[in-house]
Amino acid sequence: MSNDLTVQLREELLSREKRKLYRHRLTLESPQQTHVSIAGNKYLAFCSNDYLGLANHPQLIEAVCEGARQYGVGAGASHLISGHSSAHHALEEALARFTGFPQTLLFSTGYMANAGMVTALAGRGDAIFADKLNHASLNDAAMVSNAKFIRYPHLDLSVLERQLAMSQATRKLVITDAVFSMDGDVAPVAALLALCEKYDAWLMLDDAHGFGVLGLRGRGTVSQFAVDSRRIIYMATLGKAAGVFGAFVAAEHEIIETLVQHARSYIYTTATPPMLSHALLKSLELIEGEEWRREKLRQLIAQLKNEMRSLRWQLLPSATPIQALIIGENDKALEISATLREKGILVPAIRPPTVAPGTARLRISLSASHDMADIVRLGAVLRELDNNSVSR
Ligand SMILES: *Cc1c(COP(=O)(O)O)cnc(C)c1O
């Protein structure tokens, strides 16, 4: 019988491979950084979410070691049993101070934070209004929540307003990526908040890609828009710009306490190693104190736009380190990504269903650790490919 299952799966996998949808993992032999080593070869990489270049920072490595000596390597229990350490607690307080929200709660990952907060705050009789381009974790959370799941076209606030106006739901939650992960554009937070106020809805912001990068000293997208409202439930990850691992939700006291009581992905899982929280305290210091990292990113983004200007392929408008070069056809995007790789440059090709059909793209993500020379090198190779494909 088990053979039947493997035969069936093998066929499905083969079909996936034929449709060029099969996914393969790269195995890094080096730390996450702008130059990585894979199978003995060095690559210039534009793939990570390590926007500030902190994932391999010597002070964070030292902080993890110090944290391990102080707290050991494992939490050993869930937060509500005996896994909640003073390191977790100190980080939650530091994150509240940093973001300006009354209280925060750590989760093991952003995926789990979204799962936990959406399902704890929305259920039968409630409605979730979600941008079509939201991250998969938000969609998965909405689907298991039992709330009515209503999606609006990307950034289309007039459709959202109609949906909100028609809704009879008890509780209304508008959920959006603050920075969209495949396009790099930013949600109109102030306008969304105004709609939430008008229709008595809550606004959940997933700032996975804005925290540490946007706003005053890296405080994120809420700071960038200079909004302040009790309706905002803010989520950010700590494995991207913060360089380590984990996530947190920031909101009013009553919301956070509700998550502690009801968020299943918080309750039924082992707490993250306290040594990581210890390191994240240091990471927060670097995020806040080292403005040069964000300034460098701004310069790199400007440089990239300049390099890409003469190409036939266009960058989507984005002021964030996520820069999408739209190629169009899947095969072409894969081909360009493969050729770049042969030339020692890693840029992932992103295809449907992750993005809309006909908008296969290279997703170029920048880090403060890149040099101007890295951008110039990428530009030169892309121009060469562009010229070759014109003459063909
Ligand atoms: C990465 C990401 C997540 C998930 O965060 P993890 O900590 O990696 O689980 C959630 N939302 C968005 C928009 C993301 O990009």
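Read the numbers this way: they start at 1 and go in the same order the structure lists the ligands and their atoms. Please read these numbers as outputs of a predicted model, since none were measured by experiment. One-based numbering along the sequence shown.
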Asks: Mind listing the N or O contacts between ligand 1 and protein, cut-off under 3.5 Å?
Replies:
| residue | atom | partner | partner atom | Å |
| --- | --- | --- | --- | --- |
| ligand 1 | 7 (O) | G110 | N | 2.7 |
| ligand 1 | 9 (O) | G110 | N | 3.1 |
| ligand 1 | 9 (O) | Y111 | N | 2.9 |
| ligand 1 | 11 (N) | H135 | ND1 | 3.4 |
| ligand 1 | 11 (N) | D206 | OD1 | 3.4 |
| ligand 1 | 11 (N) | D206 | OD2 | 2.6 |
| ligand 1 | 15 (O) | H209 | NE2 | 2.6 |
| ligand 1 | 15 (O) | K240 | NZ | 2.6 |

Asks: Taking side-chain hydrogen bond (donor to acceptor under 3.5 Å, both in side chains) as the definition, give me every residue that meets it alongside S318, ordered by chain and number, with sequence neighbours left out.
Replies: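 Once residues adjacent in sequence are excluded, the partners of S318 under the side-chain hydrogen bond (donor to acceptor under 3.5 Å, both in side chains) criterion are T320, Q323.
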
Asks: Can you classify the ring geometry of H24 versus Y22 as parallel (below 30°), tilted (30 to 60°) or perpendicular (above 60°)?
Replies: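 H24 vs Y22 ring planes: tilted.
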
Asks: Taking the ring of Y266 and the ring of H79, is the distance between their centroids below 6.0 Å?
Replies: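 Yes, ring centres under 6.0 Å apart.
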
Asks: Would F180 and H154 count as a close aromatic pair, with their ring centres under 6.0 Å?
Replies: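 Ring centroids of F180 and H154 are less than 6.0 Å from each other.
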
Asks: If you count every heavy atom of other residues, nucleotides or ligands that lies below 6.0 Å from R298 atom CZ, does the total exceed 12?
Replies: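 Yes, the 6.0 Å shell around CZ holds more than 12 heavy atoms from other groups.
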
Asks: Can you tell which of F211, F107, F98 makes a ring-ring contact (aromatic ring centres under 6.0 Å, His included) with F248?
Replies: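 By the ring-ring contact (aromatic ring centres under 6.0 Å, His included) criterion, F248 pairs with just one of F211, F107, F98: F211.
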
